[in-house]
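What follows is a set of notes on a single structure, which appears directly below.
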Amino acid sequence: MKKHFWALALATPLLLSACGGGSDAPADSSPADKYVGVWSTPCVDLGNGSSVLQDWTFTKTGATNLTIDADGTVHSGSSCSGKGSPGNHVQGSMSINGQTAGADRVSAHLGATQTKELWLVQGAEIHMRSTGARDAEGYPTTVGSDFVMRRK
């Protein structure tokens, strides 16, 4: 899986459209609770003279299930500076299927893209691992930070 899977999953529809607060994390009473809220991505250089910032809203639908609403802002240049243009709104879902090495085994669907990753919430950050060796069910076997989102 590419290093910036999530950013690119949302960036593709954003590029097509371009062409034509912080709060404390909720208590961990169920595996999904720690993800509820709005999280932001760092600036992602799309490599084509533009960049994107994204906000992801996670809404709990069950003890281990959430919906994902992702909104992006596309900027000219590679640094997400200046006024951007709204991008596509992409919806998806995720389920938490146990843990590996202390991180949640997340099966996620965003638009037409599906993936299996390890997600670890540390304070106000979600560290996502989508690369490396995989177990028999297709999840990465080690925790890491291929991509990081921060709570807004």
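All values below come from the heavy atoms of this structure, side chains included, with hydrogens, waters and symmetry mates left out. Given the structure is predicted, the values throughout are model-derived calculations rather than measurements.
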Inset, instruction - Go through T141 and R134 one step at a time and tell me if the side-chain hydrogen bond (donor to acceptor under 3.5 Å, both in side chains) criterion holds. - result: CA-CA 5 Å; T141 57; R134 300 208 170 248; over 6 Å; no
Inset, instruction - May I have the step-by-step check of side chain to side chain contact (heavy atoms under 4.5 Å, CB included) for F58 and M94, ending in yes or no? - result: CA-CA 9 Å; F58 295 96; M94 65 181 264; 3.5 Å; yes
Between atom [atom1] of [X] and atom [atom2] of [Y], what is the distance when rounded to the nearest 0.5 Å?
X    : Y    : atom1 : atom2 : result
H89  : T57  : NE2   : OG1   : 8.0 Å
C80  : L53  : SG    : CG    : 3.5 Å
F147 : W119 : CZ    : CH2   : 10.0 Å
M128 : T41  : CE    : OG1   : 9.5 Å
D71  : S40  : CG    : OG    : 12.5 Å
I96  : K34  : CD1   : NZ    : 5.5 Å

Legend entry - hydrophobic_cluster_shared for M149 and V90, side chain cutoff 4.5 Å: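 V90 and M149: one cluster.
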Inset, instruction - Show the numbers, then the answer: is there a side chain to side chain contact (heavy atoms under 4.5 Å, CB included) between V36 and L66? - result: CA-CA 8 Å; V36 173; L66 298 104; 4.1 Å; yes
Inset, instruction - List the steps and the verdict of side chain to side chain contact (heavy atoms under 4.5 Å, CB included) for Y35 and I68. - result: CA-CA 10 Å; Y35 298 103; I68 304 168; over 6 Å; no
Inset, instruction - Give me the one residue out of N97, T115, D104 that meets side chain to side chain donor-acceptor pair (under 3.5 Å) with Y139. - result: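 Only match with Y139 under side chain to side chain donor-acceptor pair (under 3.5 Å): N97.
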Inset, instruction - Could you tell me whether R105 and E117 have a side-chain N and a carboxylate O separated by less than 4.0 Å? - result: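 A salt bridge is absent here (no side-chain N lies under 4.0 Å from a carboxylate O).
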What heavy-atom pair brings [X] and [Y] nearest, and what distance separates the two atoms?
X    : Y    : result
S78  : C43  : O-SG, 3.7 Å
S130 : D146 : N-OD2, 2.7 Å
L120 : G102 : CD1-O, 3.6 Å

Do side-chain atoms of [X] reach the backbone of [Y] as a donor and acceptor pair under 3.5 angstrom?
X    : Y    : result
S51  : G77  : yes
R151 : I126 : no
D33  : S29  : yes
H127 : V143 : no

Legend entry - S30 and K60: CA distance, side-chain angles, deciding distance, side-chain hydrogen bond (donor to acceptor under 3.5 Å, both in side chains) verdict: CA-CA 10 Å; S30 73; K60 182 178 169 181; 2.9 Å; yes
Inset, instruction - Output, in order, the C-alpha distance, side-chain angles, deciding distance and verdict of side chain to side chain contact (heavy atoms under 4.5 Å, CB included) for Q91 and T67. - result: CA-CA 7 Å; Q91 294 180 306; T67 60; over 6 Å; no
